[in-house]
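The structure under discussion appears below in the form of structure tokens.
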Protein chains: 2
Amino acid sequence: MRVTIRDVAKAANVSHATVSRALNRASDPFISDATRNRIIETARQMGYQPNRAARALVTGRTGQISLCLWTENIHNSYQWNVTHVAHAVMQSRSYELLVNLVGYKTLELAEKNLVSPPSVDGIICYEAAPALGAMFGGALPAHLPIVTAGTYNLLHGVDRVAIDLSEGSFDAMRHLIGQGRKRIAYLTNDKSVNKDPRYIAYVSSMNEAGLPLEIIETPSGRAGPRLLIGQYVAERGAPDAIFCHNDDIAIGAYRGLRDVGLGVPEDVAVVGCDGLEDTEYLDNPISTIVQPLARVLELSCEYVLARIDNPDRPIESTVIKSKFVARESSGG
Amino acid sequence: MRVTIRDVAKAANVSHATVSRALNRASDPFISDATRNRIIETARQMGYQPNRAARALVTGRTGQISLCLWTENIHNSYQWNVTHVAHAVMQSRSYELLVNLVGYKTLELAEKNLVSPPSVDGIICYEAAPALGAMFGGALPAHLPIVTAGTYNLLHGVDRVAIDLSEGSFDAMRHLIGQGRKRIAYLTNDKSVNKDPRYIAYVSSMNEAGLPLEIIETPSGRAGPRLLIGQYVAERGAPDAIFCHNDDIAIGAYRGLRDVGLGVPEDVAVVGCDGLEDTEYLDNPISTIVQPLARVLELSCEYVLARIDNPDRPIESTVIKSKFVARESSGG
DNA sequence: ATGAAAGCGCTAACAC
DNA sequence: GTGTTAGCGCTTTCAT
């Protein structure tokens with residue numbers, strides 16, 4: 001059996017309450033230094049580890065934060081960055097990080113009541129609002145600190161850190177149109193695209209310039225777009241430029257164009273969105289709309305933690321702008 | 001207050017014990033279907049969510065598994081893949097995934113007793129043996145299911161899934177030497193390199209071929225190696241080939257070589273290690289030693305879960321071979 | 001088939 | 001300063 005607080009108490013010749021005090025409240029003056037040190041030493045020797053479930057039961061705090069991430073359309077280092085930053089902040093504040101990866105399957109499971117929300121002190125919901133809502137059966141619990149972060153799917157009535165892609169998207173389109181490119185395609189895996197800021201920027205910029213829309217649907221990830229773009233070009237010829245819904249698609253498209261012997265940007269300009277590190281390491285680095293992820297996550301963490309400390313604070317809402325960065329893939 | 005099992009009991013006119021039975025033991029025959037359905041319905045209506053801490057306290061099970069990952073030298077999609085696979089398996093078995101990212105800092109903190117091991121039902125320790133050991137104060141708890149996975153730092157006395165890089169490394173070296181390349185450098189961030197299978201393969205292959213060693217130390221990640229390789233080449237000229245400790249370094253080196261106008265593989269061949277998806281999307285995809293990550297993680301998960309079910313099963317140990325894949329970056 | 005009661009390991013209020 | 005006591009919400013015997 002694992003050693004408990006009572007075992008330590010017996011060995012140190014005190015009550016278990018005293019052990020609890022000695023171990024937990026570093027600055028509690030109502031205990032003598034001698035006793036405290038003796039207890040700490042005894043606990044160490046006996047290899048005492050607190051039972052977190054027991055502590056959580058009585059305090060109502062688990063010491064855990066859930067990072068709830070939507071993983072359906074995005075596949076790579078992007079989410080790792082998110083996880084990494086969140087973990088770093090949480091660790092520095094002595095919280096553990098529970099990772100909840102959600103997707104369409106989560107929605108299904110939630111409907112059948114086969115998935116339940118995590119029991120944690122707070123939730124960072126990153127692009128995962130629908131799944132989180134579904135897990136809670138539609139109604140978010142009033143007293144659980146939650147912060148939504150990301151570009152869309154933001155929840156209402158909770159703290160939020162929103163990423164604004166609009167300006168970056170318009171800049172990207174201006175950049176492409178300004179180069180005199182006429183046939184500019186929009187490559188996306190998003191089926192409900194019509195209220196996405198990237199899509200909106202694409203459509204309205206093209207309309208304004210009097211250019212025809214060319215919207216291409218693709219699977220998500222890299223391998224799918226890679227294959228698809230080759231076939232597409234074979235059938236309909238190559239566009240002058242491709243504005244991609246995200247960087248993974250852009251990287252796939254880049255590779256697909258190279259596969260069929262087309263040069264980027266000589267033949268086709270490619271622009272992505274997200275700011276994945278990977279885009280910088282290609283022979284012709286990909287222009288992209290950089291999202292200040294670290295900033296977003298740090299702020300998100302700050303918001304949950306602040307609300308844990310003070311549940312009644314006013315709701316916070318920050319919008320963080322992403323920025324278009326022109327690189328070689330679009331002749332930048 | 002949150003609704004408890006007692007609230008449901010009162011509403012359904014039964015004892016709380018009956019509620020517990022109805023909700024948890026789907027196949028317990030000692031309860032009438034009528035009662036069970038009534039209780040389930042009541043619970044649903046009231047929005048009952050079990051308190052996991054309370055359950056954990058009495059059952060001794062948290063329903064959580066920790067994925068303990070070493071994050072000091074590795075930086076990108078690699079760890080995301082690990083996390084993703086682990087999460088998928090664990091979710092399908094109704095376990096939550098706690099992510100514990102550890103590094104040199106963890107070792108320091110552990111020494112000062114400022115970090116404690118997670119309270120979970122099992123731990124998957126991926127390349128993180130020293131940190132995990134430190135968190136437990138040197139001695140792993142006898143009855144906690146742990147599996148070590150990865151290429152090194154494996155623990156003793158627990159289940160393990162080891163990745164064997166040796167064969168792949170020798171293949172890589174044979175491949176480079178076989179092309180008649182003479183000046184082959186080894187680019188690494190690993191300071192205690194001398195028992196690493198990649199290093200061993202490099203040294204012994206070079207010796208056998210009568211070629212001089214050229215070991216280059218680099219920071220980890222991508223940006224560091226990128227910068228470093230440019231400076232190195234300026235000072236000492238370019239090697240014929242670079243065997244890199246991992247794919248991030250390889251990607252950085254590739255980019256660094258392109259920065260200074262060198263062609264890969266025309267001027268310098270580049271070989272990496274890990275099998276990151278990113279390596280396939282460069283203009284000249286990078287040859288690498290592919291680690292069957294999904295396989296490794298699935299097996300690791302299987303081992304912990306099996307040991308949770310049966311603590312007395314014999315210790316398992318599997319070695320999984322990684323495989324060298326020649327691509328364009330080394331003229332493959 | 002259901003209820004009563006014990007207790008998991010811990011914290012915190014209160015007694016001394 | 002330290003000990004005693006009462007639960008936290010749940011599962012699980014043991015009665016009935």
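Residue numbers start from 1 in every chain, and the chains themselves are labelled A, B, ... in the order their sequence lines are given, proteins ahead of strands.
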Original post:
Distance check: side-chain N/O of B/S20 vs OP1/OP2 of D/dT11, anything under 4.0 Å?
Top reply: yes

**OP:** Please determine, for the side chain of B/S15, which listed nucleotide (D/dC10, D/dT2, C/dG3) has the closest atom?
**Re:** C/dG3

**OP:** Using whole Å, report how far CZ of A/R61 lies from P of D/dG9.
**Re:** 15 Å

**OP:** State whether the distance check finds a donor on one side and an acceptor on the other, under 3.5 Å, for side chain A/R21 versus base D/dG3.
**Re:** yes

Subject >> Proximity to the side chain of B/T35 - top-ranked nucleotide from C/dT2, D/dT11, D/dG7 >> reply: C/dT2

Original post:
Between the main-chain N or O of A/P50 and the side-chain N or O of A/R55, is there a donor-acceptor pair closer than 3.5 Å?
Top reply: no

Subject >> Between C1' of C/dA1 and CG of B/N37, the distance in whole Å >> reply: 15 Å

Subject >> Atom pair distance, as rounded to whole Å: CZ in B/R52 and C1' in D/dC8 >> reply: 18 Å

**OP:** Starting from C1' on D/dG7, measure out to CG on B/N51 and report it in whole angstrom.
**Re:** 14 Å

**OP:** Would you check if the side chain of A/D7 reaches a backbone N or O of A/T4 as a donor-acceptor pair within less than 3.5 Å?
**Re:** yes

Subject >> Distance-only donor-acceptor test (3.5 Å): side chain B/H16, base D/dT11 >> reply: yes

**OP:** Give a yes/no answer on whether the side chain of B/T59 brings an N or O atom under 4.0 Å of OP1 or OP2 in D/dC10.
**Re:** no

Original post:
From the list C/dC10, D/dC10, C/dG3, which nucleotide is the closest neighbour of the side chain of B/V14?
Top reply: C/dG3

Original post:
In whole angstroms, how far is the C1' atom of C/dA4 from the NZ atom of B/K10?
Top reply: 17 Å

Subject >> B/T18 vs C/dA1: side-chain N/O to OP1/OP2 distance below 4.0 Å >> reply: no

Subject >> 4.5 Å side-chain heavy-atom contact, B/I124 and B/Y303 >> reply: no

**OP:** Look only at the side chain of A/T71 and the backbone of A/V102, and say whether a donor-acceptor pair between them is shorter than 3.5 Å.
**Re:** yes

Original post:
Tell me: CZ of A/R6 to P of D/dT4, nearest whole Å?
Top reply: 11 Å

Original post:
Please give, in whole Å, the distance from D/dC10 P to B/R2 CZ?
Top reply: 8 Å

Original post:
Atom CD1 of A/I39 to atom C1' of C/dC10: distance rounded to whole Å?
Top reply: 15 Å

Subject >> Position toward the 5' end of DNA chain C (nearest nucleotide), B/A17 or B/L57 >> reply: B/A17

**OP:** Looking only at side-chain atoms of A/N24, point me to the closest of C/dG3, C/dT11, C/dG9.
**Re:** C/dT11

Subject >> Heavy-atom donor-acceptor pair, B/S300 side chain to B/V296 backbone, under 3.5 Å >> reply: yes

